[in-house]
Visitor: 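Provided herewith is a single structure, encoded as structure tokens, for subsequent inquiry.
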There are 2 protein chains.
Amino acid sequence: MSQQRPGGQSGQPGAVPALPDLPEATVARLPEYLRALHHLAESGHDTVSSEGLASAAGVNSAKLRKDLSHLGSYGTRGVGYDVALLIEQIEYVLGLTQRRAVALVGVGNLGHALAGYAGFATRGFRIAALFDADPSRVGELINGLVVRHIEDLAEIAEAESIAIGVIATPASAAQLVADQLVAVGVTSILNFAPCVLSVPEGVDVRKVDLAIELQILSFHEHRKASLTSLPATGPAAGLTALPGGLSATGTEEAVGT
Amino acid sequence: MSQQRPGGQSGQPGAVPALPDLPEATVARLPEYLRALHHLAESGHDTVSSEGLASAAGVNSAKLRKDLSHLGSYGTRGVGYDVALLIEQIEYVLGLTQRRAVALVGVGNLGHALAGYAGFATRGFRIAALFDADPSRVGELINGLVVRHIEDLAEIAEAESIAIGVIATPASAAQLVADQLVAVGVTSILNFAPCVLSVPEGVDVRKVDLAIELQILSFHEHRKASLTSLPATGPAAGLTALPGGLSATGTEEAVGT
DNA sequence: TAGATTGTTAATCGATTAACAATC
DNA sequence: TAGATTGTTAATCGATTAACAATC
């Protein structure tokens with residue numbers, strides 16, 4: 001149905017739709033579809049079925065079709081989706097038709113790696129500036145960019161039209177950096193520091209915490225181990241939950257609190 | 001269903017519960033609570049209310065209480081939660097009472113940074129081995145560990161009781177590495193390569209894709225821009241969605257496909 | 001036309017949240 | 001006892017999925 005608005009009773013016929021208001025879960029999957037589509041395009045496919053794309057993206061095909069239907073997408077029944085067209089549509093809604101300028105704050109271990117990460121450049125972004133608060137790092141050249149002092153943020157953010165800030169500082173500095181980014185008008189932040197940031201409404205923060213990812217995997221490991229060897233082992237409700245009757249996994253080495 | 005479970009009608013009184021089967025959303029938040037709790041403990045709190053912990057972890061307090069109730073948790077009405085006890089309980093369910101050995105494959109840009117990431121060590125993990133397929137990198141010393149050739153994986157995985165594999169290779173190598181990890185018995189994988197891995201049932205994979213995080217932020221930037229300046233601009237259904245009538249954002253530079 | 005595959009429906013499932021009785 | 005705060009209920013919301021009519 002609906003030519004130019006998912007949903008039917010759009011008041012004005014002929015009115016071009018604003019950006020569709022996609023479910024968050026859908027937004028989070030579109031980049032994965034995009035990656036899979038680029039891969040398909042490179043291997044010469046110009047058409048793909050929902051089944052084919054879904055399996056390339058690691059999701060269920062009903063979910064894929066539902067997601068694409070929110071875009072008001074244009075597949076062809078009996079045929080599938082035009083790869084190039086779908087790439088264009090997804091890049092459009094994700095706002096990737098303009099390359100966005102990214103400022104990276106904190107050029108320690110991780111920041112260094114991020115500054116050199118080729119995937120940003122190939123997937124719609126341009127690292128436009130590097131910052132650090134440590135004067136001894138300022139001036140350093142990383143991947144063709146000079147590290148600037150965080151004090152210069154305002155000036156450079158304006159000059160480079162920074163759209164997204166990436167925080168790769170220690171947790172102790174992250175809130176201050178976030179405040180500074182917000183102060184110069186940045187409304188999207190990717191935070192690698194292991195802490196919660198508080199920001200005004202209208203500012204989006206996404207967080208990547210590497211240790212948390214491992215801890216989630218650890219839970220499942222623990223779970224799998226407790227299932228294979230079912231000698232009722234438990235948290236000893238209320239008491240200390242230390243070793244006691246653990247079992248079967250192998251490595252056993254208490255972790256300091 | 002389920003014989004010995006937190007939640008009321010457990011058959012055997014005195015029977016210790018196996019690991020509770022937590023909702024995935026809860027599992028994903030527990031590490032955040034844990035981090036906040038350690039922070040509170042360091043600043044001398046020995047008790048915290050659900051309201052206080054929730055705000056430190058950036059969630060709603062009803063959600064926090066619900067999450068903790070799945071652990072069969074032991075708060076005290078009118079008082080709050082005992083910080084040290086809660087830390088113990090969460091570390092127990094997450095399987096952090098034993099320090100897990102991690103193998104990191106791929107010591108390029110990102111792998112290098114991960115090998116040096118202190119957060120792993122302080123939060124329950126031990127990077128036990130580094131691997132690469134490039135002979136010219138083998139032998140290199142990173143953070144006190146020698147880079148080994150991926151061929152030696154089997155031998156070392158056994159010797160070090162590797163529990164979790166981290167893939168930081170290019171996408172083109174990631175599936176092969178995953179197969180090799182699975183072959184030596186690893187059942188938890190953290191994948192930084194931008195691709196979908198296929199693994200047998202029983203193996204858990206978590207994926208971190210840095211460009212995807214930025215693309216999600218880009219969507220919201222695009223969305224915010226399309227709302228503030230409402231001159232009906234749209235995807236030109238079916239046609240190319242290139243610049244045309246875009247507007248207002250500033251940076252405008254087409255991105256290559 | 002027959003076969004294939006989309007877009008949508010509707011049922012189901014899981015997650016969130018406000019509200020409040022239980023209880024310290 | 002009065003005040004505070006948990007643990008749980010129940011309502012709501014959003015996401016997933018199988019199934020299938022529409023249609024190429």
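Values in this document were obtained by computation on a predicted structure and should not be read as measured data.
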Visitor: Restricting to side-chain contact (heavy atoms from CB on, under 4.5 Å), what partner residues turn up for Ala41(A), sequence neighbours left out?
Guide: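 For Ala41(A) the side-chain contact (heavy atoms from CB on, under 4.5 Å) partners, ignoring immediate neighbours, are Val83(A), Ile87(A).
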Visitor: Could you tell me which residues satisfy salt bridge (Lys or Arg N to Asp or Glu O under 4.0 Å) with Arg29(A), sequence neighbours excluded, listed by chain and number?
Guide: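 For Arg29(A), the residues satisfying salt bridge (Lys or Arg N to Asp or Glu O under 4.0 Å) (neighbours in sequence not counted) are Asp67(A).
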Visitor: With sequence neighbours excluded, tell me which residues meet side-chain contact (heavy atoms from CB on, under 4.5 Å) with Ala28(A).
Guide: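 Once residues adjacent in sequence are excluded, the partners of Ala28(A) under the side-chain contact (heavy atoms from CB on, under 4.5 Å) criterion are Ile216(B).
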Visitor: Can you list everything that forms a ring-ring contact (aromatic ring centres under 6.0 Å, His included) with Phe120(B)? Sequence neighbours excluded, please.
Guide: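 Per chain and number, Phe120(B) pairs via ring-ring contact (aromatic ring centres under 6.0 Å, His included) with Tyr117(B).
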Visitor: How does DNA chain D look in dot-bracket notation if pairs are Watson-Crick or G-U with both distances under 3.5 Å, crossing ones as [ ], other-strand ones as |?
Guide: ..||||||||||||||||||||||
Visitor: Have a look at Leu197(A) and tell me which of Leu181(A), Asn191(A), Val177(A), Val182(A) forms a side-chain contact (heavy atoms from CB on, under 4.5 Å) with it.
Guide: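 Exactly one candidate clears the test, Asn191(A).
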Visitor: I want to check something: taking the side chain as every heavy atom from C-beta on, are Tyr74(A) and Leu68(A) in contact at a cut-off of under 4.5 Å?
Guide: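 No; the side chains remain at least 4.5 Å from each other.
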Visitor: So, using salt bridge (Lys or Arg N to Asp or Glu O under 4.0 Å) as the criterion, who are the partners of Asp204(A) when residues are at least two apart?
Guide: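 With sequence neighbours excluded, Asp204(A) shows a salt bridge (Lys or Arg N to Asp or Glu O under 4.0 Å) to Lys224(B), given in chain and number order.
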Visitor: Could you pick out which residue, Pro23(A) or Arg65(A), lies toward the 5' side of DNA chain D when each is mapped onto its nearest nucleotide?
Guide: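 This one resolves to Pro23(A).
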Visitor: Are a donor atom and an acceptor atom from the side chains of Thr97(A) and Glu91(A) found within less than 3.5 Å of each other?
Guide: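 No, no side-chain donor-acceptor contact under 3.5 Å.
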Visitor: Salt bridge (Lys or Arg N to Asp or Glu O under 4.0 Å) with Glu213(A): which residues, sequence neighbours excluded?
Guide: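 Only Arg206(B) meet the salt bridge (Lys or Arg N to Asp or Glu O under 4.0 Å) criterion with Glu213(A).
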Visitor: Where along residues 49-61 of chain A does a heavy atom come under 4.0 Å from DNA chain C, residue by residue in number order?
Guide: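 Result for residues 49-61 of chain A: Ser49(A), Ser50(A), sorted by number.
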Visitor: Output all residues satisfying salt bridge (Lys or Arg N to Asp or Glu O under 4.0 Å) with Lys207(B), sequence neighbours left out; order by chain, then residue number.
Guide: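 Scan of Lys207(B) (salt bridge (Lys or Arg N to Asp or Glu O under 4.0 Å), adjacent residues dropped) gives Glu32(A), Asp209(B).
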Visitor: Name every residue in residues 25-32 of chain B that has at least one heavy atom under 4.0 Å from any atom of DNA chain C, in order of residue number, or write none if there are no such residues.
Guide: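 The stretch gives Ala25(B), Arg29(B) as the residues lying under 4.0 Å from the strand, ordered by number.
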Visitor: Walk along DNA chain D from 5' to 3' and tell me the first and last nucleotide with an atom closer than 4.0 Å to a non-hydrogen atom of chain B.
Guide: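 Listed 5' to 3', the contact boundaries are dA4(D) to dA10(D).
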Visitor: Sort and list the pairs that fulfil side-chain hydrogen bond (donor to acceptor under 3.5 Å, both in side chains) and have at least one residue in residues 167-183 of chain B, not counting sequence neighbours.
Guide: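 Applying side-chain hydrogen bond (donor to acceptor under 3.5 Å, both in side chains) to every pair that reaches into residues 167-183 of chain B, excluding sequence neighbours, yields Gln175(B)-Asp179(B).
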Visitor: Main chain of Gly95(A), side chain of Arg100(A): is a donor-acceptor contact present, judged purely on distance under 3.5 Å?
Guide: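 At least one qualifying donor-acceptor pair exists.
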